[in-house]
Amino acid sequence: MFRSTSLRLAALYTAVFALSVVVLGAVTLFATRAALLDQFEARIESEAAALTQEFQTEGLEGVVQAVQERDRTPGALDYGLRGPHAEPLAGGLAATIAAPGWSTPLVPSHSGGQEPVRVLTTRLPGGHWLLVGDDEERIQAVDGAVLRGFGVAFIGVVVLGVLGGFALSRDVHRRLAAISGTAEAIIDGDLTRRVPMRGSDDDLNRLAGTINRMLDRIAQLMESLRQVSNDVAHDLRTPLTRLRQRLEMGLKTEAERGVAIEGALDDLDAILDTFAALLRIAQIEGGARRAGFRPTDLCAIARNVVEAFAPSAEDARRALTLDAPASVMVEGDPELLTQMLANLVENALRHTPPGARILVRTARLPEGPTVQVIDDGPGVSEAERERVFDRFHRLEASRSTPGSGLGLALVAAVARLHGAQANLRDAAPGLEARVTFAAT
């Protein structure tokens with residue numbers, strides 16, 4: 001019965017609230033009783049003081065007359081006047097005389113039994129005794145009312161706690177069962193299942209949203225893994241087939257052997273470069289390079305990359321220029337950021353015609369620090385701008401050029417590692433590759 005965590009918590013909170021009611025009831029009862037007792041005794045003390053004053057001014061006869069008058073008044077206190085030898089002189093209070101002060105003796109009641117009476121005994125001049133008291137029936141009535149009120153509250157708290165606990169347990173159990181069912185379905189291979197959202201802003205709904213985002217990411221990774229596997233098999237089939245053909249050619253004649261071996265080595269280097277790029281992307285996506293993060297100036301990196309590619313750009317008849325302010329600082333790995341920008345510049349050089357202009361720009365925009373590589377080449381269609389960041393994805397126009405299709409995939413991996421966003425935009429004409437870092 002108590003295997004449900006929500007039910008155990010509900011039972012615990014019910015017990016805590018019930019105990020709180022008990023403690024509050026006890027404190028209220030004692031406080032109320034003390035206040036009533038103070039008023040009770042104050043009234044008795046006032047009457048005893050008045051009769052003592054009466055004795056001093058009017059003498060014994062005056063006190064006897066005053067006690068008799070008060071004793072006949074409905075709702076009055078109980079009075080008793082005794083002589084030096086405890087003989088009754090006036091009043092009906094039949095309490096035994098004790099030492100002066102407060103006492104609570106049992107006296108005969110109108111019902112024939114005995115009841116406790118709070119009595120103040122005062123010694124008068126001449127050896128007389130004055131007894132003024134009242135029964136505690138009113139205090140006991142208030143005690144009973146307080147106890148009944150808190151008893152009803154206690155029962156209400158327990159009943160509401162139990163009902164609320166069962167309702168909460170059923171609701172939480174139903175929602176946890178939905179999460180568990182989704183997990184079981186995913187274990188069985190249905191990666192499309194998601195935890196149903198309730199629309200509220202409670203903890204379980206936020207947990208469901210977090211789980212769904214995690215499942216979306218897992219599905220993306222699984223799809224990426226499947227796509228990478230297919231792309232690796234497709235892209236490596238051609239160089240491996242060519243490598244085999246060259247090795248077969250090398251077996252025919254001595255003259256062709258050297259050419260075949262040289263070509264085979266080139267093909268093997270291309271294959272090894274592909275696997276090296278894949279391993280580097282996997283390392284970056286695994287977050288292993290975060291240890292190298294430190295304050296880095298994007299402007300300094302841009303200047304170094306432009307200087308490194310300037311000769312290649314000149315040989316390829318492209319105009320490579322730099323637009324960078326004094327400093328644009330980000331937190332990152334300088335080596336990876338250099339590799340990222342180098343890939344973007346190399347991509348622009350490779351896919352623009354002779355005479356094209358390529359601008360490398362760094363800036364601090366309202367959305368955050370950015371680095372841009374802008375060219376006036378043929379650009380990329382809007383439908384292809386997101387796909388070019390996938391591994392091994394190459395445009396049809398680029399199939400005949402060397403490369404593995406991993407350059408922009410590495411750019412995207414480095415950007416994600418740094419919490420940045422990489423995207424392509426229309427430069428009208430040409431293409432703008434922009435990496436935007438989080439604003440600091």
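Values below: all heavy atoms of this structure, side chains included; hydrogens, waters and symmetry mates excluded.
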Practice item. Answer yes or no: is there an ion pair linking R361 with E432, defined by an N-O contact shorter than 4.0 Å? Key: no

Exercise for review: I would like to know whether R194 and D216 meet salt bridge (charged side-chain N to carboxylate O under 4.0 Å, His left out); could you show each step before the answer?
Suggested key: CA-CA 9 Å; R194 295 295 181 267; D216 291 339; 2.7 Å; yes

Exercise for review: Compare every heavy atom of E54 with every heavy atom of A66, then report the nearest pair and how far apart it is.
Suggested key: CB-CG, 4.3 Å

Study note, to complete from the structure: Smallest heavy-atom separation, T296 atom then G332 atom, equals OG1-O, 3.2 Å

Exercise for review: Please say which of N343, V345, L337 ends up in a side-chain contact (heavy atoms from CB on, under 4.5 Å) with V305.
Suggested key: V345

Review point. Is it true that E307 and R303 make a salt bridge, defined as a side-chain N closer than 4.0 Å to a carboxylate O?
Key: no

Point to revise | Check: D134 side chain, V117 main-chain N or O, donor-acceptor pair, under 3.5 Å | key: no

**Study point:** Min side-chain heavy-atom separation I358-I374 under 4.5 Å
**Key:** no

Check your understanding: Taking all non-hydrogen atoms of both residues, which atom of P196 and which atom of A208 are closest, and how far apart?
Key -> O-CB, 4.3 Å

Practice item. Nearest 0.5 Å please: distance from the CG atom of L410 over to the CG atom of L336. Key: 7.5 Å

Practice item. Using a strict 4.0 Å threshold on nitrogen-to-oxygen distance, state whether D375 and R318 make a salt bridge. Key: no

Practice item. Using the salt bridge (charged side-chain N to carboxylate O under 4.0 Å, His left out) rule, take E331 and R294 through it: C-alpha gap first, then chi angles, then the decisive distance, then the call. Key: CA-CA 5 Å; E331 189 75 16; R294 60 179 181 270; over 6 Å; no

